[in-house]
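Comments concern the structure below.
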2 protein chains.
Amino acid sequence: MLKNTLCNIGLFKDCGDSFFTNLAAGAKSHKYNKGKILFLHGDKGDNFFYVQSGWVKLFRETLDGTQAVVDIFTTGHIFGDTAIFEDGIYPYSAEIVESSEIITLPIAPLKEEIANNSKFAFSMLGSMAKYRRQQDREIEHRSIQNASQRIGCFLLRLLQQNEDGQVQIHLPYDKMLVASRLGMQPETFSRALKKLQNETGIRVKGSTITMDDCNQLVRYSCAACTSEFPCKDISSAAE
Amino acid sequence: MLKNTLCNIGLFKDCGDSFFTNLAAGAKSHKYNKGKILFLHGDKGDNFFYVQSGWVKLFRETLDGTQAVVDIFTTGHIFGDTAIFEDGIYPYSAEIVESSEIITLPIAPLKEEIANNSKFAFSMLGSMAKYRRQQDREIEHRSIQNASQRIGCFLLRLLQQNEDGQVQIHLPYDKMLVASRLGMQPETFSRALKKLQNETGIRVKGSTITMDDCNQLVRYSCAACTSEFPCKDISSAAE
DNA sequence: AGGCTAACTTGACTAAAATCAAGGTTACAC
DNA sequence: GTGTAACCTTGATTTTAGTCAAGTTAGCCT
């Protein structure tokens, strides 16, 4: 059951049986509703987390309450693992943004496995390096893409996981949240999405977006990006 | 000589003697002048690099030449190492921006040492995690700090490496480059720096900045940050 | 179905940063 | 020193995004 789930996590592909046993021994699966805070940045904890289903927002806040979204993760991703390197202190807060099933896992076996299994350590490093590249791109996009282009790019990344031809995308969470994920205000998002419709012929109805093909969108958004479409660094999971 | 230098790199503190021997065997030290391109993103290479002195810009460009600065590194930092995880492809371009001494190192021993020395693998992971946090903060700052606050924050990070009291900061490279590092135009930088003078009483003369104490600057910049001053994640080297 | 709330959109306005176009200033080569 | 080029600043203007306020829509509860 739980152990099986863990064995199928890509990041753990080279891990030994005892690792899974230890991990499963301290594992708990929970279902959470939207709004649930799992931990706050600065909290100390002995667990890391695996998203079995749903969506989780990682964020930080200033004293006056302004929020910066670090990332939003779904099925297949782990988070809270970097606390290993910071004396168990989480570097961000985590909030459930769509009803989710989260597996809570003890951090000690993870640390052990890194120490004892060099293949796994290498996988972890690879995963970190990949994430690092994603963040580089994020920073890049904030400086060279405008609001509409950023939305277009966001849509294209959702689309990748599906097939080509007549394309349909369903926003996985609130538009307000997409806006904050992209570092803009909800009003700006609303207007920029409308502009994107005019420029690229995508059709928006509620949280569903359709288009005949994605070429126009690619031309519009990827023009202001240093990578070529399709972006290679897309991961449906923490691999 | 060279081997000694390598032994003193913090990241390599747990590495064995044979690692240093292999590394040194393939190592070459070079002096480069401003403007020298070390490699371009997409290039394939078998080396990574250590900054012995000077400053190196890592960046990416779109087809139309728009440039996004990934980071700017100085003494003590390594770069190009993440190519290990991408079949030897560098994910960014590297350019010397101030006359520098760079040690070119073979990537094979690095890969081996990760595989054979779990302590080192853990150090690498810690270094990656740290960098990741820095990037999180970078993204955060781009969305919640204005141009002047970003400059203030940049200055405070330079200052950390020195002492307190009457404070003097020397910009380590061109203002234009600082601007691009902070994701703004040179004109915006120039105006924002002037605004910062008015708001915080710092004094700017050429590339030298002085202030009686840094409290006003901290109040001004760190108000729009989720971390508290002094930021804990400052590293003078890749540790 | 009605009513409530939160999500979303729209409009008018403001603020911030980019762009365009001149000028200065500085550093360095000869 | 003189000249030149790159760096930097300043002003005027435009573009972009943020803010504030007022709707509208959509989902959900009873």
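Chain identifiers are assigned alphabetically (A, B, ...) following the order of the sequence lines, protein sequences preceding nucleic acid strands; residue numbering begins at 1 within each chain.
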Are any side-chain N or O atoms of [X] and backbone N or O atoms of [Y], one a donor and one an acceptor, separated by less than 3.5 Å?
| X | Y | value |
| --- | --- | --- |
| B/Q145 | B/S221 | yes |
| B/Y92 | B/G80 | yes |
| B/N146 | B/Q149 | yes |

Regarding [X] and [Y], is there a side-chain donor-to-acceptor distance under 3.5 Å anywhere?
| X | Y | result |
| --- | --- | --- |
| A/Q52 | A/K31 | no |
| B/D71 | B/Y131 | yes |
| A/S93 | A/E61 | no |
| A/K130 | A/Q135 | no |

Expected list for residues 195-203 of chain A: side-chain donor-acceptor pairs under 3.5 angstrom, two or more places apart:
{"from": "A/T200", "atom 1": "OG1", "to": "A/L196", "atom 2": "O", "distance (Å)": "2.7"}
{"from": "A/R203", "atom 1": "NE", "to": "A/T210", "atom 2": "OG1", "distance (Å)": "3.4"}
{"from": "A/R203", "atom 1": "NH2", "to": "A/D212", "atom 2": "OD1", "distance (Å)": "3.2"}

Report summary line: Readout for nucleotides 13-18 of chain C: B = base within 4.0 Å of protein heavy atom, S = sugar-phosphate only, - = neither; 5' to 3' it is ----SS

Query raised in the report: Within the structure, does a side-chain N or O atom of B/K34 lie under 4.0 Å from either OP1 or OP2 of D/dA6?
Result: no

Query raised in the report: Near DNA chain C, which residues from residues 170-180 of chain A have a heavy atom under 4.0 Å away?
Result: A/D174, A/K175, A/M176

Between [atom2] on [N] and [atom1] on [X], what's the gap in Å once rounded to a whole number?
| X | N | atom1 | atom2 | value |
| --- | --- | --- | --- | --- |
| A/Q197 | C/dC8 | CD | C1' | 14 Å |
| B/K205 | D/dT9 | NZ | C1' | 17 Å |
| B/R142 | D/dA17 | CZ | P | 15 Å |

